Amino acid sequence: MTAYVVIDLNIADAAGFQEYVDGVGPLIEKTGARNLIIDDKPLVLEGDWSPRTLVIHEFENKEAVETFWNSPEYAPYKELRRRYSTVQVVVGES
């Protein structure tokens, strides 16, 4: 089952966050995953969820997401992300 990582991203420091983007993009591709959406003006149709930037990644399955999320290769980028942004992250499968 394909897994989708849905991220509500709030960037506090764009210049610093770019270091994260530059490093994590190739790492995501290396796992076979891909970016589907990066939208800094998502359209809210109903409810009070209003993400600043909506990001969606596609992975092979939830196990692949967890392997990536907990990998030693991602750890330093996770620290960069936390330094320069805040996120809400959920994963769903279809």
Side-chain angles (χ1 to χ4, degrees):
M1 297 179 91
T2 302
Y4 298 92
V5 179
V6 179
I7 303 166
D8 178 349
L9 171 64
N10 184 6
I11 300 170
D13 178 335
F17 191 76
Q18 188 61 46
E19 185 178 350
Y20 169 81
V21 171
D22 292 344
V24 82
L27 187 59
I28 287 173
E29 290 175 8
K30 181 180 168 185
T31 68
R34 64 188 184 124
N35 291 323
L36 294 180
I37 296 171
I38 300 174
D39 187 347
D40 63 355
K41 292 182 174 126
L43 174 63
V44 177
L45 296 176
E46 188 171 335
D48 59 3
W49 181 39
S50 186
R52 297 252 182 139
T53 301
L54 178 65
V55 179
I56 300 178
H57 302 305
E58 180 183 67
F59 282 77
E60 182 179 354
N61 52 43
K62 282 184 181 177
E63 291 78 20
V65 174
E66 289 183 295
T67 297
F68 169 79
W69 193 262
N70 297 313
S71 71
E73 295 84 7
Y74 182 55
Y77 296 108
K78 208 184 287 189
E79 290 304 316
L80 282 174
R81 179 180 45 77
R82 290 175 177 155
R83 185 178 312 141
Y84 299 119
S85 70
T86 55
V87 296
Q88 301 289 324
V89 182
V90 297
V91 179
E93 269 183 335
S94 67

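The model shown is predicted, which means the values in this text are computed figures rather than measured ones.
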ring-ring contact (aromatic ring centres under 6.0 Å, His included) evaluation trace for Phe68 with Phe59: CA-CA 10 Å; Phe68 169 79; Phe59 282 77; 5.6 Å; yes

Min side-chain heavy-atom separation Thr2-Glu58 under 4.5 Å: yes

pair Leu27-Tyr77: side-chain heavy atoms closer than 4.5 Å: yes

Main-chain N/O of Ile28 paired to Thr31 side chain as donor or acceptor, under 3.5 Å: yes

Asn10 and Ser85, any side-chain heavy atoms less than 4.5 Å apart: no

Where Arg52 and Asp8 come nearest, the two heavy atoms and their spacing: N-OD1, 3.6 Å

Any Ile11 side-chain heavy atom under 4.5 Å of Asp13 side chain: no

Test item: Asn35 side-chain N/O and Ile37 main-chain N/O as donor-acceptor pair under 3.5 Å: no

Within-4.5 Å side-chain heavy-atom neighbours: Asp40 and Ile38: no

Smallest separation among heavy atoms of Tyr4 and Leu36, with atom names: CE2-CD1, 3.6 Å

Beyond-backbone contact of Asn61 with Met1, side-chain heavy atoms, under 4.5 angstrom: no

4.5 Å side-chain heavy-atom contact, Phe17 and Arg81: yes

Residue pair Leu9 / Gln88, side-chain heavy-atom distance below 4.5 Å: no

The single option from Leu54, Val89, Val91 passing side chain to side chain contact (heavy atoms under 4.5 Å, CB included) against Val6: Leu54

Heavy-atom pair with the smallest gap, counting every atom of Tyr74 and Trp69: CD2-O, 3.6 Å

